[in-house]
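Below is one structure; the comments refer to it alone.
Proteins get letters first, then strands, A, B, ... in listed order; numbering begins at 1 in each.
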Amino acid sequence: MPENAIQLLLNEWLLDVFNPQKRIFWGYLLSSLFIAILWLRLINKINFQSSFIQIFNRNVWGSASAFADYKVMFINAFLMTILSPRILAKATVAYIVFYSLHLLFESKPSILMGIPQWTIALSFTLFLFILDDFARYWLHRWLHAVPLLWSFHKVHHSASTLNPFTVFRTHPAEAILFSVRSALVQGISTAVFFFFFGNQVTLMMVLGASIFTFAFNLLGSNLRHSPVSICYWHPIELILMSPAQHHIHHSTAEKHIDKNFGVALSVWDWIFGTLCHSKVGEQLNFGLSGTKLINPNTLKSLYLDPIQEAGNLLLNFAHQLSLPFQRENSA
Amino acid sequence: MDIVIKRPKTTLAALIASSLVFGCVFAKPDMYGNFPVTEKSYSGKKKDSTSYTGQVARHVLHNSLKKLAGKGNGNPNPELKATMMSYYSSKDAGRKIIDPTSKGEFKVKQTMVDEISKGKNLKGKTYKGLVNGFPGQMSGPEVFEFLIDKASSSNKGFDPVTGYNYPQLISKFMMGAVFYSQAVDNYLDEKMGADNKPNNKPYKKGAHYTGKEHSWDEAFGYFGAPAHAMALNAKQAYGIAKRKDVKVADANGDGVVDLKTEMTFAHAYYAADSDKAGTKYMHTIVDAFIKGRQLIRDADGAALTDQQRAQLMSYVKVIKTNWEKVIAEAAFKYAGSCYKDLEKLRTIVESNGNASKAFAAYGKHWGELKGFLMALETSGRSLGEAGVRMNRLVGYGPVLLGGGQVTGIDSEGNFLIGGNRSMGEYQVHMVKLQKLLGDTFKLKARKIDVTGEMDDLLKSLGSSRAAEND
Ligand SMILES: [Zn+2]
């Protein structure tokens with residue numbers, strides 16, 4: 001049985017490695033490696049051998065923090081196979097929205113007729129990408145701002161070294177939120193476009209992934225969590241989030257707290273005032289500042305402690321709510 | 001020992017030789033028909049025990065009645081009503097075949113119903129249970145008599161006040177309440193019992209076919225497929241009903257289409273329609289009919305053993321489930337048509353255009369939808385919750401331009417119109433109905449699937465399951 005379970009997990013994981021819709025698709029890992037080498041050779045002027053040593057730094061990939069990432073990645077793959085059928089499905093969202101639109105609109109606006117198919121496909125693909133990125137920004141921001149949510153998101157930030165698999169260092173409660181976010185974004189976009197444009201709507205794809213997701217991933221999304229800090233020219237950093245900007249998000253420095261919540265686009269951070277530019281050569285420490293976890297890389301502190309903390313917060317909150325009533329009763 | 005070894009050899013050799021010589025004979029089971037007489041008590045001259053002309057006569061009565069239902073001039077018309085009733089309930093001689101008739105090169109052999117079979121009617125074989133999907137708490141025959149009365153006084157079969165299209169309602173419900181119901185709830189049900197119409201006795205005294213042979217033939221006849229259906233593709237079988245290609249229909253090459261064996265009727269036509277979208281309903285059903293008939297023929301006039309009957313019932317199961325799917329596929333398609341019609345109507349209403357033509361098309365599609373749904377409930381097997389939901393989603397009439405629909409029938413037989421369902425709401429109901437039909441009957445052809453492309457689009461986005469952080 002345990003052998004079967006391991007095989008199942010490996011299959012699940014391998015599916016992601018061979019799925020161009022996933023960030024750890026081998027092609028994206030390879031393109032990230034290529035970009036990292038180019039950066040280190042051309043900008044940092046480091047020779048080939050040193051570049052390799054920096055990229056495959058044993059203190060990064062072999063750290064206790066990294067091993068915790070790997071463990072969480074496999075445990076979550078298993079948990080998600082159990083959880084995902086019970087999480088809100090995008091089809092449910094899509095149908096509710098599709099039905100509601102019939103009641104909201106008398107008929108479909110005729111100005112929408114005659115728009116070329118490629119324009120509709122491009123609009124849909126772009127809309128989906130932007131709405132998804134926008135939703136990611138705000139959920140991420142709330143994960144930091146709301147104490148109850150922070151007790152779970154903390155798990156991700158407890159990583160003291162960053163490698164591409166750190167994206168999987170996620171508490172299952174957070175994974176549920178991400179799935180719901182994704183279902184809402186995909187369900188709403190699909191239903192709205194399908195209602196107005198019918199079968200003319202398609203997703204513009206490369207290798208089965210949206211062209212924008214593909215571009216984002218091909219252009220080194222894996223470097224967001226990696227030992228190589230790539231900075232963009234500052235005007236670009238207002239629009240696109242550089243890997244170094246995400247490193248700042250993980251930094252323990254006081255001035256970096258609550259900065260750069262964005263994913264592919266940094267424009268949300270710019271608009272809502274949470275943007276921080278990167279500095280070439282800046283040395284950063286990753287992990288939690290202030291409320292540190294005691295043993296951040298044990299399964300107990302990664303899975304159970306957040307639940308306990310969230311439970312305490314809720315109890316506290318309930319207590320606060322009942323205080324006025326208690327006073328009334330005693331008076 | 002020697003004999004035991006040798007015997008299979010000789011049998012095999014004989015088999016090879018005979019299959020070479022009588023190759024055509026062995027290919028025969030691809031046709032439904034020409035099964036030898038096995039009934040021991042019969043001493044007459046007939047050689048073929050296959051017989052389902054009574055069913056073909058009823059197909060012709062149904063086709064003709066449908067034609068008549070569209071002949072009204074908008075005023076009460078007792079004469080038309082009497083003619084329609086003669087096709088529905090009388091067994092009178094001298095009834096003309098109004099449909100199918102010859103059309104150009106497509107020459108039909110028979111012109112009178114009696115040339116196919118004498119003394120047949122539809123009423124006697126109509127589903128007697130309560131028809132849930134129709135207002136007024138009526139039995140099957142009561143519904144038809146009511147519809148015939150209304151049709152006779154309508155203008156070309158259409159009532160613009162209710163949106164009812166009588167030829168469609170009568171025809172689509174009749175295919176279920178007579179043909180489907182008789183086949184799956186009588187001939188392939190009770191009459192397949194061990195003691196009911198046994199194979200070692202004639203179907204009725206003096207008949208040249210056994211109880212099981214004829215019961216099976218009658219069920220096949222009601223399906224409506226031409227005897228050479230296995231040699232036809234979906235498009236060809238469909239085209240026969242449309243009287244397109246006489247060469248495809250005329251299997252025996254005598255230059256005319258024999259309605260008894262060469263025509264496509266009723267649900268066989270809808271099976272072929274589905275199959276044009278990739279399903280194999282017609283061939284699956286006809287193949288099971290042929291295999292079952294061959295099994296009965298092989299029993300050679302003896303009572304079927306338990307094992308033979310079990311095998312036969314496995315064919316029955318194939319026929320019943322696929323036949324039900326055929327009807328559900330048709331309902332699915334017309335739910336999609338109604339959705340599209342409503343979309344068109346809403347645009348016309350919005351721009352203050354003339355909606356009468358589009359409304360008539362909608363009424364026609366709705367009549368087909370309703371008829372097929374009512375047909376699904378005549379199999380003798382309750383559809384349970386799915387049936388209740390189906391009827392609630394569709395209601396008793398198409399939702400009208402200003403909202404509302406038929407809600408019942410008063411004591412004088414007039415339709416009551418009420419409710420406040422809007423056209424938009426009804427569009428949603430059509431989508432929900434498609435989902436319900438698709439899931440309940442596991443449909444594959446899914447013609448005019450309103451949200452099929454949305455489902456595909458959702459699928460193309462990949463899994464929304466996300467354990468990855470930002
Ligand atoms: Zn964060």
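Between chain B and the residues A/F195, A/F261, A/F124, A/F194, the largest count of heavy-atom pairs under 4.5 Å involves A/F194. If you tally non-hydrogen atom pairs under 4.5 Å between each of A/V167, A/V201, A/L143 and chain B, the highest count goes to A/V167. Contacts with chain A were tallied for B/E468, B/E453, B/M454, B/E350; B/M454 has the most, counting heavy-atom pairs under 4.5 Å.
The part of A/F105 that comes within reach of chain B is its backbone (N, CA, C, O), which places non-hydrogen atoms under 4.5 angstrom from that chain. No part of A/I176 comes within reach of chain B, as not one of its non-hydrogen atoms sits under 4.5 angstrom from that chain. Residue A/T170 touches chain B through both its backbone and its side chain, counting heavy-atom pairs closer than 4.5 Å. With a 4.5 Å cut-off on non-hydrogen atoms, A/H225 touches chain B through its side chain but not through its backbone. For a residue to count as touching a neighbouring chain, one of its non-hydrogen atoms must lie under 4.5 Å from one of that chain's; by this rule A/A209 does not touch chain B. Contacts of B/D456 with chain A are absent, with no heavy-atom separation under 4.5 Å from either backbone or side chain. With a threshold of 4.5 angstrom between heavy atoms, B/K435 approaches chain A through side-chain atoms but not through N, CA, C or O. Contact of A/M205 with chain B is made through the side chain alone, with heavy-atom distances under 4.5 Å. Only the side chain of A/V263 comes within less than 4.5 Å of a heavy atom in chain B; its backbone stays farther off. Proximity to chain B (any heavy atom under 4.5 Å) is restricted, for A/L103, to the side chain, taken from C-beta onward. With a threshold of 4.5 angstrom between heavy atoms, A/R23 approaches chain B through side-chain atoms but not through N, CA, C or O. Looking at A/H153, only its side chain comes within 4.5 Å of chain B, counting heavy atoms on both sides.
Distance check: B/N469 CG to A/R136 CZ gives 9.5 Å after rounding to the nearest 0.5 Å. Separating the CG atom in B/L461 from the OG1 atom in A/T190 is a distance of 4.5 Å, to the nearest 0.5 Å.
When the shell of 6.0 Å around CG of B/D439 is examined, it contains more than 12 heavy atoms from other residues, nucleotides or ligands. Around the CZ atom of A/R141, the shell of radius 6.0 Å holds more than 12 heavy atoms that belong to other residues, nucleotides or ligands. Around NZ of B/K244, the count of heavy atoms belonging to other residues, nucleotides or ligands within 6.0 Å does not exceed 12. No more than 12 heavy-atom neighbours from other residues, nucleotides or ligands sit within 6.0 angstrom of NZ on B/K242.
Summarising the geometry of B/T451 relative to A/F98, their closest heavy-atom pair is CG2-CE2, 3.6 Å, with the distance given to 0.1 Å. The nearest pair of heavy atoms linking A/L203 to B/L457 is N-CD1, 4.0 Å.
Taking the six-membered ring where the residue is Trp, B/Y339 and A/H102 present perpendicular rings, their angle passing 60° and hence far from 30°.
A 4.5 Å side-chain heavy-atom check between A/Y95 and B/D455 finds at least one atom pair inside the cut-off.
Within the structure, salt bridge (charged side-chain N to carboxylate O under 4.0 Å, His left out) pairs that include any residue of residues 175-199 of chain A comprise A/R181-B/D470 (at least two apart or interchain).
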